[in-house]
Asks: 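Can you keep this structure in mind? I'll have questions shortly.
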Amino acid sequence: MSKIISALYNPETDCVEVTLDNQFHVTFNCQNCNAQVTLADPLDASYLTRLAREEPGFYASLASRKSGLQWYVEAIGEFN
């Protein structure tokens, strides 16, 4: 398992840019990742936008897991 060294949200490209183990650079295109999530309410997309901007490392971690972002949106929806 790789360790996330740094993760930054780039608003110009709407991507989360991640450095793993000081060697590998991975980019998560938020628009593409978010498109894989089924939303019960279109406003739920704001959960993903806020997550990418405020917690880019966690966003990348969830985006790299099968149904990770879907799980997140459903969990947050339960609390609201």
Side-chain angles (χ1 to χ4, degrees):
M1 179 119 183
S2 296
K3 181 179 177 184
I4 294 177
I5 302 300
S6 70
L8 299 169
Y9 175 74
N10 184 338
E12 292 179 15
T13 60
D14 191 27
C15 293
V16 172
E17 299 168 354
V18 180
T19 301
L20 303 170
D21 296 330
N22 284 332
Q23 295 178 317
F24 303 105
H25 302 284
V26 181
T27 301
F28 292 90
N29 181 298
C30 295
Q31 187 174 6
N32 291 342
C33 292
N34 296 352
Q36 305 301 315
V37 177
T38 303
L39 303 172
D41 181 343
L43 295 176
D44 290 349
S46 65
Y47 300 141
L48 296 173
T49 302
R50 185 173 182 178
L51 179 66
R53 291 180 180 174
E54 295 181 6
E55 296 291 335
F58 188 46
Y59 180 93
S61 177
L62 291 174
S64 66
R65 296 182 182 142
K66 184 177 179 182
S67 301
L69 292 174
Q70 183 70 50
W71 165 83
Y72 178 80
V73 168
E74 290 172 4
I76 293 297
E78 289 293 318
F79 290 112
N80 292 326

Asks: Any side-chain donor paired with an acceptor under 3.5 Å for Tyr47 and Asn34?
Replies: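 Checked: Tyr47/Asn34 side chains show no N/O donor-acceptor pair below 3.5 Å.
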
Asks: For Ser6, run the side-chain contact (heavy atoms from CB on, under 4.5 Å) check against Val18, Leu20, Thr19 and tell me which one passes.
Replies: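 Going through the options one by one, the only one that passes is Thr19.
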
Asks: For a quick test of reading the model, state the closest non-hydrogen atom pair linking Glu17 to Asn10 and the distance between them.
Replies: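 Residues Glu17 and Asn10, closest heavy atoms: OE2-ND2, 3.1 Å.
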
Asks: Rounded to the nearest 0.5 Å, how far does CD of Glu74 lie from CG of Leu39?
Replies: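 Going from CG on Leu39 over to CD on Glu74, the span is 10.0 Å.
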
Asks: Show the nearest heavy-atom pair for residues Tyr9 and Ala52, with the distance to one decimal.
Replies: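 Looking at all heavy atoms of both residues, the closest pair is CB-O, 3.4 Å.
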
Asks: For Gln31 and Asp14, which I'm curious about, is there any donor-acceptor pair between the side chains at under 3.5 Å?
Replies: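 No donor-acceptor contact under 3.5 Å links the two side chains.
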
Asks: Nearest heavy-atom pair of Gln70 and Gln36: which atoms, and what distance?
Replies: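 Smallest heavy-atom distance, with atoms named: OE1-O, 4.2 Å.
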
Asks: Might you point out which heavy atoms bring Pro56 and Val16 nearest each other, and give the distance in Å?
Replies: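 The answer is O-CG1, 3.5 Å.
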
Asks: Assigning hydrophobic clusters by single linkage (Ile, Leu, Val, Met, Phe, Trp, Tyr; side-chain heavy-atom cutoff under 4.5 Å), is Phe24 placed with Ile4?
Replies: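 Looking at the clustering, Ile4 is in the same group as Phe24.
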
Asks: Distance-only, no hydrogens or angles: does the Asp21 side chain make a donor-acceptor pair with backbone N or O of Gln23 under 3.5 Å?
Replies: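 Checked: no pair found.
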
Asks: So, for Tyr59 and Cys33, which heavy atoms are closest and what is the spacing to 0.1 Å?
Replies: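 Answer, listing the atom of Tyr59 first, then Cys33: OH-CB, 3.3 Å.
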
Asks: Report yes or no: do Leu69 and Trp71 belong to one cluster of Ile/Leu/Val/Met/Phe/Trp/Tyr joined by side chain heavy-atom distances under 4.5 Å?
Replies: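 As far as the 4.5 Å side-chain criterion goes, Trp71 and Leu69 are connected within one cluster.
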
Asks: Please assess Leu62 against Leu51 for the test side chain to side chain contact (heavy atoms under 4.5 Å, CB included), listing each intermediate value before the final yes or no.
Replies: CA-CA 10 Å; Leu62 291 174; Leu51 179 66; 3.9 Å; yes

Asks: Are Phe28 and Ser64 packed together at the side-chain level, in the sense that at least one heavy-atom pair is separated by less than 4.5 angstrom?
Replies: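 They are in contact (side-chain heavy atoms under 4.5 Å apart), so the answer is yes.
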
